[in-house]
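Indexing begins at 1, ligand by ligand and atom by atom, following the structure's order. Excluded from the calculations below are hydrogen atoms, water molecules and symmetry mates; all remaining heavy atoms, backbone and side chain alike, are included. Index from 1, following the sequence.
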Amino acid sequence: MAIQSITITQPDDWHVHLRDGAMLQQVAGYTARQFGRAIIMPNLTPPVTTAAMAAAYRDRIKAATADYPDFEPLMTAYLTDDMDPEEIVRGHADGVFTAAKLYPANATTNSAAGVTDVKKIYAVLEAMQRMGMPLLVHGEVVNDAIDVFDREAAFIDQVMQPLLKDLPELKVVFEHITTQDAADFVTAGDEHLAATITVHHLQINRNDMLVGGIKPHLYCLPIAKRELHRQALRRAATSGSGKFFLGTDTAPHAIGDKESACGCAGIFSAPQALENYLQVFEEEGALDRFEGFASLYGPAFYGLPVNDKKVTLSKAKQVVPERMGQGPLTVVPYRSGQTLVWQLQGE
Ligand code: NCD
Ligand code: ZN
């Protein structure tokens, strides 16, 4: 008989957009209910570029997750061309900045202030390398001449390879990888290189987004690729390699910003993230490798202890709500209206 429940060390989410203000209030609890810790993306408006801003944002997140007092937001710095290395060094030493995020300028939502040329921030990256502070990379080139489906593969050649060569001991997380090229590149890399994989890139390909009508709620960046890439990501995630770990990239946008003539990129996957990941591992016959991916490899890469708590997921059907939230902030969750086979057990 198929397995009916699984108990593992509490997972962490190594890539989350919690937003701010009313949206933060609305969505933060979903991440805090599922995960022990979460790496919080800094792409607010204005972006989180100083330790003081990050500390204040952390306080707002703690307030918004008061129902889950053990939940620990891990803050990141948004790197800009003129970032002062001292700010990063001090912020990391003070325990505010866990990592720093590199957005190529204009690559994605709220990235206009991102880095125009990685060479401009080498002083910052050298300081991070010395401190063992991870660099989190949105790995897509921004170039009108490069097809949107090719932007991740182009980034490997144009940016990632030279970066790793120049800073061989910098810890780098290739965030939300979407291609076989990236999976192969990370597999071949040394222990300083790892990658997060979202649940939606394990479950959908570009047909799901585009065939039979455009599905704005499956549009995200990096954009979902063709099926062979999804298969490669599933192999990487379930391989048992410590270089691949969980990062949802949950990125809520109000329904009006998604269902629009110019819809925003981002998938709101927080509420049932673990259930969906676990379904993938079960489908791949890799239930025994789920705990490593979800709970062990991320902390090992970041140099943090694993969570003490255990969580249990059981075989129990649940239907994902069509919509969540109120009024103009209504959001459509990932797999809305669909029936999931696993359910995370409550406290
Ligand atoms: C993210 C967002 O909305 O902030 N969107 C997305 O499609 N993933 C930004 C990002 O991580 O690229
Ligand atoms: Zn993201």
Find all atoms of ligand 1 within a distance of less than 4.0 Å from any non-hydrogen atom belonging to [X], and give their numbers and elements.
{"X": "Thr108", "value": "5 (N), 9 (C), 10 (C), 12 (O)"}
{"X": "Asn43", "value": "2 (C), 4 (O), 9 (C)"}
{"X": "Gly266", "value": "5 (N), 6 (C), 7 (O)"}
{"X": "Cys220", "value": "7 (O)"}
{"X": "His253", "value": "3 (O)"}

* Passing candidate, ring pair (Phe, Tyr, Trp, His ring centres under 6.0 Å) with Phe293, options Phe245, Tyr277, Trp14 ->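 With Phe293 as partner, ring pair (Phe, Tyr, Trp, His ring centres under 6.0 Å) holds for just one option, Tyr277.
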* Under-4.0 Å heavy-atom contact with ligand 1, by part of Ile267 that carries it ->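 Neither part.
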Before signing off on this row, confirm whether [X] and ligand 1 have an N or O atom pair separated by under 3.5 Å.
{"X": "Ala251", "value": "no"}
{"X": "Ala265", "value": "yes"}
{"X": "Leu221", "value": "yes"}
{"X": "Tyr219", "value": "no"}
{"X": "Asp249", "value": "yes"}
{"X": "Tyr103", "value": "no"}

* Given the rule that I, L, V, M, F, W and Y join up when any side-chain heavy atoms are under 4.5 Å apart, are Met128 and Met83 in one cluster? ->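 Hydrophobic grouping puts Met128 with Met83.
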* **Thr198 versus Asp249, side-chain donor and acceptor atoms under 3.5 Å** =>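 Result is no, nothing qualifies.
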* For the Zn ion (ligand 2), decide whether His15 has an N, O or S atom at a distance under 2.8 Å. =>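 Of the N, O and S atoms in His15, at least one lies under 2.8 Å from the Zn ion (ligand 2), which means yes.
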* If you take all heavy atoms of Ala54 and Val96, which pair is closest and at what distance? ->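 Closest pair (atom of Ala54, atom of Val96, distance): CB-CG1, 3.6 Å.
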Around [X], counting heavy atoms of other residues, nucleotides and ligands shown, do more than 12 lie under 6.0 Å from its [atom1]?
{"X": "Gln326", "atom1": "CD", "value": "no"}
{"X": "Leu228", "atom1": "CG", "value": "yes"}
{"X": "Asp190", "atom1": "CG", "value": "yes"}

* Just going by heavy-atom distances, which of Met41, Arg19, His138 is nearest to atom 2 (C) of ligand 1? ->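 Going through Met41, Arg19, His138 one by one, Arg19 has the nearest heavy atom to atom 2 (C) of ligand 1.
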* Protein heavy atom at shortest distance from atom 11 (O) of ligand 1 ->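 It is His17 NE2, 3.0 Å.
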* Hey, which of Glu275, Glu282, Gln279 is the one that makes side-chain hydrogen bond (donor to acceptor under 3.5 Å, both in side chains) with Trp342? ->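 Going through the options one by one, the only one that passes is Glu282.
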* Asked: OD1 (Asp249) to the Zn ion (ligand 2) to NE2 (His17): angle, nearest 10 degrees?
  ->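 Result: 90°, to 10°.
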* Asked: Under 3.5 Å, is there a donor-acceptor pair between the side chain of Thr179 and the main chain of His229?
  ->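 No, Thr179 side chain to His229 backbone: no donor-acceptor pair under 3.5 Å.
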* Asked: Would you say Ser111's side chain and Thr108's backbone share a donor-acceptor pair under 3.5 angstrom?
  ->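 Checked: pair present.
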